[in-house]
Amino acid sequence: MVPEMTAQKERVKNQPYADLKPFHLGFHVGLHAQDLILTNTGISSDGEIWFAEIPSYSPGFSVGIIGDMLLNPYFNLRFTPTVHFGDKNVTFREYETGEEFSTSVRSNYFMLPLDLKFSAVRLNNYRPYLIGGAYTSFDLGRKKGNPLLMKGMDYGLSIGLGCDIYLPFFKLCPEIRLCFGLKDLLEKDRSDLIDPQEWKYSNSLSKATSRMIVFTFNFE
């Protein structure tokens, strides 16, 4: 006697035509952590040698809007203007004495990413995806007079992954993304500093590039 074979039934799909829209809008909110890749020179100032690092990270808040254009069943072009509110705590340490100096570099990035999203085949009410592209960002929170100052404009590449979760009335999409800045952000012209003693902190560095990890919830 041949045993009866039964196939697993597919669940009822929420919003079965959501991915067929030529264009759609949404928004996202989340958290992020800002980082700087610092290149130390070891140049001495008045006989001192200072080195810098970021010993810990502070969480920041991210919010933005989503514009999505369907290219084909698996690829979408996305434009997601986003504001990232946060800061970075930089610690300088003198090589000989161990003296430390800490400063906070506040950066409110207005980021303009253009991404290509590649989605896998939808399984019931879940659809994982990969996303990546390029971005330009503008620092709206830079403050002259700080011992360490970054330039106002940056650009770079980003890559991430997420999953579309189809709910009855909208899609909820948790996403994690890594951003890699390509521009040297270190401001070397420090004519804004009143105290010449503070020049040694910028002089102890030759380069600074941005890094950021972002975790957001997309609502589409």
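Just so you know, residue 1 is the first one in the sequence shown, and it goes up from there. Side chains are part of it too, since the values below use all heavy atoms of this structure and drop only hydrogens, waters and symmetry mates.
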Per-pair distances, 0.1 Å, donor-acceptor, side chain in residues 148-162, under 3.5 Å, sequence neighbours excluded:
residue: Asp154; atom: OD2; partner: Ser210; partner atom: OG; Å: 2.6
residue: Ser158; atom: OG; partner: Arg177; partner atom: NH1; Å: 3.0

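Separating the SG atom in Cys163 from the CD1 atom in Ile176 is a distance of 14.0 Å, to the nearest 0.5 Å. Going from atom OG1 of Thr80 over to atom CD1 of Ile65 covers 9.0 Å, rounded to the nearest 0.5 Å. For the atom pair CG (Leu77) and CZ (Phe23), the distance works out to 9.5 Å, reported to the nearest 0.5 Å. Separating the CE atom in Met212 from the OG atom in Ser137 is a distance of 7.0 Å, to the nearest 0.5 Å. The distance from atom CZ of Phe219 to atom SG of Cys173, rounded to the nearest 0.5 Å, is 9.0 Å. Rounding to the nearest 0.5 Å places CG of Leu70 at 7.5 Å from CG of Leu20.
Under the rule for a ring-ring contact (aromatic ring centres under 6.0 Å, His included), Phe61 has no partner lying at least two apart in sequence or in another chain. Residues passing the side-chain hydrogen bond (donor to acceptor under 3.5 Å, both in side chains) test with Thr97, sequence neighbours excluded: Glu94. Legend: residues meeting side-chain hydrogen bond (donor to acceptor under 3.5 Å, both in side chains) with Asn14, ordered by chain and number and at least two apart, are absent. Applying the ring-ring contact (aromatic ring centres under 6.0 Å, His included) rule to His32 yields the partners His84; only residues at least two apart in sequence or on another chain are considered. Considering only residues two or more places apart in sequence or on other chains, Thr103 meets the side-chain hydrogen bond (donor to acceptor under 3.5 Å, both in side chains) condition with Asn146. Every residue two or more places apart in sequence or in another chain was checked for a salt bridge (charged side-chain N to carboxylate O under 4.0 Å, His left out) with Arg211, and none qualifies. Lys188 is linked by a salt bridge (charged side-chain N to carboxylate O under 4.0 Å, His left out) to Asp184, counting only residues two or more places apart in sequence or in another chain. For Ser102, the side-chain hydrogen bond (donor to acceptor under 3.5 Å, both in side chains) partners two or more places apart in sequence, or in a different chain, are Thr91.
Under the ring pair (Phe, Tyr, Trp, His ring centres under 6.0 Å) criterion, the residue pairs touching residues 91-128 are Phe75-Phe118, Phe92-Tyr201, Phe101-Tyr201, with sequence neighbours excluded.
Checked by atom type and distance alone, the side chain of Glu220 never pairs as donor or acceptor with a backbone atom of His24 at under 3.5 Å. Side chain of Arg122 to main chain of Lys13: no donor-acceptor pair is present (N/O by atom type, distance under 3.5 Å, no hydrogens or angles). Between the side chain of Tyr135 and the backbone N or O of Cys179, no donor-acceptor pair lies under 3.5 Å. Side-chain atoms of Glu53 do not come within 3.5 Å of backbone N or O of Val90 as any donor-acceptor pair. Gln34 places a side-chain N or O within 3.5 Å of a backbone atom of Ser107 that can act as its donor or acceptor partner.
Residues Asn218 and Pro174 are not in side-chain contact: their nearest non-hydrogen atoms beyond the backbone lie 4.5 Å or more apart. Between Thr39 and Leu205 there is no side-chain heavy-atom pair separated by less than 4.5 Å.
Phe169 and Phe27 fall within the same hydrophobic cluster, defined by Ile, Leu, Val, Met, Phe, Trp and Tyr side-chain heavy atoms under 4.5 Å apart, directly or through other members. Hydrophobic clustering places Leu130 together with Val121 (ILVMFWY residues linked when any side-chain heavy atoms are closer than 4.5 Å, directly or through intermediates). Using a 4.5 Å cut-off between side-chain heavy atoms of Ile, Leu, Val, Met, Phe, Trp and Tyr, with links allowed through other members, Tyr74 and Tyr166 fall into different hydrophobic clusters. Clustering ILVMFWY residues whenever any of their side-chain heavy atoms sit less than 4.5 angstrom apart, transitively, puts Phe180 in a cluster other than the one holding Met111.
The shortest heavy-atom contact between Val214 and Ser62 is CG1-OG, 4.2 Å. Taking every heavy atom of both residues into account, Asp115 and Ala134 meet most closely at OD1-N, 4.3 Å. Taking all atoms of both residues into account, the shortest heavy-atom contact from Ala52 to Leu38 is CB-CD1, 3.9 Å. The minimum heavy-atom distance linking Asn108 with Gly86 is given by the pair OD1-N, 3.6 Å. Heavy-atom minimum distance, Gly67 versus Leu25: CA-CD2, 4.0 Å. Shown here for His28 and Thr82, the closest heavy-atom pair between the two residues is NE2-OG1, 2.9 Å.
Taking a cutoff of 4.0 Å between a charged side-chain nitrogen and a carboxylate oxygen, Glu187 and Arg142 qualify as a salt bridge. A salt bridge links Glu48 with Lys200: the closest approach of a Lys/Arg side-chain nitrogen to an acidic carboxylate oxygen falls below 4.0 angstrom. A salt bridge links Asp68 to Arg78: at least one charged side-chain nitrogen sits closer than 4.0 Å to a carboxylate oxygen. Taking the charged nitrogens against the carboxylate oxygens, Arg127 and Asp19 do have a contact shorter than 4.0 Å, which makes a salt bridge.
Residue Lys183 qualifies as enclosed at atom NZ: its count of foreign heavy atoms under 6.0 Å is above 12.
Tyr129 belongs to a hydrophobic cluster whose remaining members, ordered by chain and number, are Ile131; membership requires side-chain heavy atoms of ILVMFWY residues under 4.5 Å apart, directly or through intermediates. Grouping Ile, Leu, Val, Met, Phe, Trp and Tyr residues whose side-chain heavy atoms lie under 4.5 Å apart, directly or via other members, leaves Ile66 alone, with no other cluster members.
Asn89 and Ser58 form a side-chain donor-acceptor contact under 3.5 Å, judged by distance and modelled atom types alone.
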